[in-house]
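Please read the structure below before turning to the comments.
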Amino acid sequence: MLSPRFLLLRSTASLTSRSFSGGAVLKQGKAPDMADGNPLLHVSNVRNRLREIVGASTNWSDHQQAMSERLSLSDMLAKSQDDLPLKRMKDSRLEVHLPLGSEPQLREKYLTFHNTVRFGRILEDLDSLAVLISYSHTYNPALKKTPLSIVTALVDKIDMKQHIIYPDCDIKFSGHVTWVGKTSIEAKMHMSQYQNGAYSPILDATFVMVARDPENKRAAYVNPLKPEGPDEEKLFQEGEANKVRRVELSTASLLKVAPTDEERKIVHGLFLNTLDTKTVSFRSRLLPPNSVWMEDAKLKGLEICHPQERNIFNRIFGGFLMRKAYELGWANACSFGGCRPSLMAVDDILFQKPVEIGSLLLLSSQVCYTQGNHIQVRVHSEVFDPLTRQHNTTNVFHFTFISDREVPNIIPMTYGESMLYLDGKRHFNQTVDP
């Protein structure tokens, strides 16, 4: 028998689909700069260009051989960052087109049942573009193949400027490197969509990439960055501030230190609000009205990682992991709120370990914080080895959704759930009050 939440969801499905597909007039958005379909700027060429840069193959068996041949490139790595030439921000500036309006045959891959664009596919494109931007920064014309293995370390932030992405309007991605450390790179990207004769902003994204040796085992140096002018200097200083902020957040993690005094009062207040006043017992708990126990706000999934989803380094593509995590998190927020939510922000996606081909990937989504019509969802991914029975965390994802109605309060019962609640509250506060 279906739960009441899913019955409510099913009963509102037709209404929400009409509001998305019929309530808004979708106008053809064919941008003039995509009329010629320039293949150098087409989104489908991004992955092909990356394969050329590292010498990867589209064929699975040839790809394995190509990756083994990369081991000989280790001698080409710089011994220090001082050995590498300075690069400018314009050296990595790229513009990539996704012509959903000009090339209707592309739409099916990106289309949802409700006639909107699958945001998980956009995450895949952003991840590929961030890698290509980073390789553009480290480009050495003297080398046929790069010795660097550049991978995504962190999705620092994705801010949505518009909730609806139309499936019949052209999309443009643009971005460049804005900050570098010794072995890390920050890339900022913007996505806009052509509507009514002009491009409108859709989202801003900040990714942090890391450079590794050809075996993807040790850190490798990247070219230093030289800002030019006050605008670029401001972007570079923002990158420095982002690095400091990430260190501070990691130091203050609830996995390392106790909650603050204010947070402890919040947890105790939640506890007192659920006590059964008819008994004198700490163990007798009652769910307040319009509330859901955190234990009942989970949704889980499993993926078998096939070679089709590999990246250019023979691991599972990070964009694929983000797409699967987002879709699971969205489904959980959808069932929790009883209607189709819109994405408000993506925050602090951490890539802890690469996912190998053939892995069993376990995904677990949890509604961990709610406020008004906002839903904060945390998705935890881990690989499971059926032979050793070991679980290893690979990624943690944080998504902030907004609903068109008030949602129930989420209530933790255990201390561990209370820490999830506080962590979700922290991420939500960063999103609404950065």
Side-chain angles (χ1 to χ4, degrees), residues 5 119-120 123 152-160 205 245-246 249-250 252-257 259 263 266-267 270 291-303 318 320-337 341-353 355 361-384 391-403 407-434:
R5 278 194 297 150
F119 189 75
L123 288 174
T152 307
L154 175 74
V155 178
D156 189 65
K157 190 80 170 178
I158 299 178
D159 286 318
M160 302 300 298
R245 173 180 53 82
R246 288 191 291 268
L249 290 175
S250 176
S253 169
L254 292 168
L255 294 171
K256 299 178 181 179
V257 297
E263 289 174 332
I266 291 173
V267 170
L270 289 168
S291 301
V292 176
W293 291 118
M294 189 176 285
E295 174 66 27
D296 298 326
K298 294 180 178 180
L299 201 59
K300 297 186 178 184
L302 167 68
E303 293 291 332
F320 169 78
L321 300 175
M322 285 193 283
R323 173 164 65 88
K324 289 298 181 181
Y326 165 76
E327 290 176 351
L328 183 67
W330 183 91
N332 196 6
C334 186
S335 65
F336 181 85
S342 298
L343 180 67
M344 183 175 176
V346 181
D347 176 42
D348 196 23
I349 295 179
L350 184 61
F351 289 78
Q352 294 185 357
K353 288 185 62 178
V355 177
L361 182 70
L362 305 179
L363 295 163
S364 178
S365 68
Q366 172 73 70
V367 175
C368 53
Y369 182 75
T370 58
Q371 182 175 312
N373 60 341
H374 295 88
I375 307 171
Q376 188 71 33
V377 179
R378 180 182 189 268
V379 181
H380 176 267
S381 71
E382 61 184 10
V383 290
F384 170 63
H391 295 251
N392 290 300
T393 297
T394 59
N395 306 84
V396 179
F397 308 83
H398 300 275
F399 303 104
T400 305
F401 295 98
I402 185 170
S403 176
V407 298
N409 298 314
I410 197 75
I411 305 295
M413 181 173 285
T414 67
Y415 184 80
E417 289 179 349
S418 297
M419 295 304 99
L420 279 176
Y421 180 91
L422 294 178
D423 186 61
K425 187 176 188 300
R426 288 181 178 184
H427 282 282
F428 175 75
N429 289 341
Q430 290 172 26
T431 296
V432 298
D433 187 22

Do you know the tightest heavy-atom contact between [X] and [Y]?
| X | Y | result |
| --- | --- | --- |
| F336 | A297 | CD1-CB, 4.0 Å |
| L343 | T400 | CD1-O, 3.6 Å |
| S381 | L363 | CB-CD2, 3.3 Å |
| D348 | H427 | OD2-CE1, 3.4 Å |
| S364 | K300 | OG-CE, 3.7 Å |
| R426 | A252 | NH1-O, 2.9 Å |

Do [X] and [Y] have side chains that get closer than 4.5 Å, going by heavy atoms?
| X | Y | answer |
| --- | --- | --- |
| I410 | Y421 | yes |
| F351 | M322 | yes |
| Q352 | N392 | no |
| L270 | P412 | yes |
| K425 | I266 | yes |

If the condition is salt bridge (charged side-chain N to carboxylate O under 4.0 Å, His left out), which residues does [X] pass it with, not counting sequence neighbours?
| X | result |
| --- | --- |
| K324 | E303 |
| E417 | none |
| D156 | R245, R246 |
| R378 | none |

Short question: side chain of [X], backbone of [Y] - any donor-acceptor pair under 3.5 Å?
| X | Y | result |
| --- | --- | --- |
| Q366 | M294 | yes |
| N373 | I402 | no |
| N395 | I349 | no |

Could I get the full list of side-chain hydrogen bond (donor to acceptor under 3.5 Å, both in side chains) partners for [X], not counting sequence neighbours?
| X | result |
| --- | --- |
| Y369 | Q371 |
| S291 | none |
| S418 | none |
| E382 | H391 |

Does [X] have any side chain to side chain contact (heavy atoms under 4.5 Å, CB included) partners at least two apart in sequence or in another chain, and if so, which?
| X | result |
| --- | --- |
| A325 | V379, F397, F399 |
| P259 | L254, E263, R264, Y415, M419, L422 |
| L302 | L360, L362 |

*List in chain and number order the residues that pass ring-ring contact (aromatic ring centres under 6.0 Å, His included) with H380, two or more places apart in sequence or in another chain; answer none if no residue qualifies.*
none
How far does [atom1] of [X] sit from [atom2] of [Y], to the nearest 0.5 angstrom?
| X | Y | atom1 | atom2 | value |
| --- | --- | --- | --- | --- |
| T370 | F428 | OG1 | CZ | 9.0 Å |
| H398 | T431 | NE2 | OG1 | 10.0 Å |
| N429 | Q376 | CG | CD | 9.0 Å |
| L361 | F320 | CG | CZ | 7.5 Å |

*Begin from the C-alpha positions of W330 and E327 and carry the test side chain to side chain contact (heavy atoms under 4.5 Å, CB included) through to its verdict.*
CA-CA 5 Å; W330 183 91; E327 290 176 351; 5.6 Å; no
*Walk me through it: do L321 and T394 pass the test side chain to side chain contact (heavy atoms under 4.5 Å, CB included)?*
CA-CA 10 Å; L321 300 175; T394 59; 5.5 Å; no
_Verdict with reasoning, H374 to M344, per side chain to side chain contact (heavy atoms under 4.5 Å, CB included)_ = CA-CA 9 Å; H374 295 88; M344 183 175 176; 3.4 Å; yes
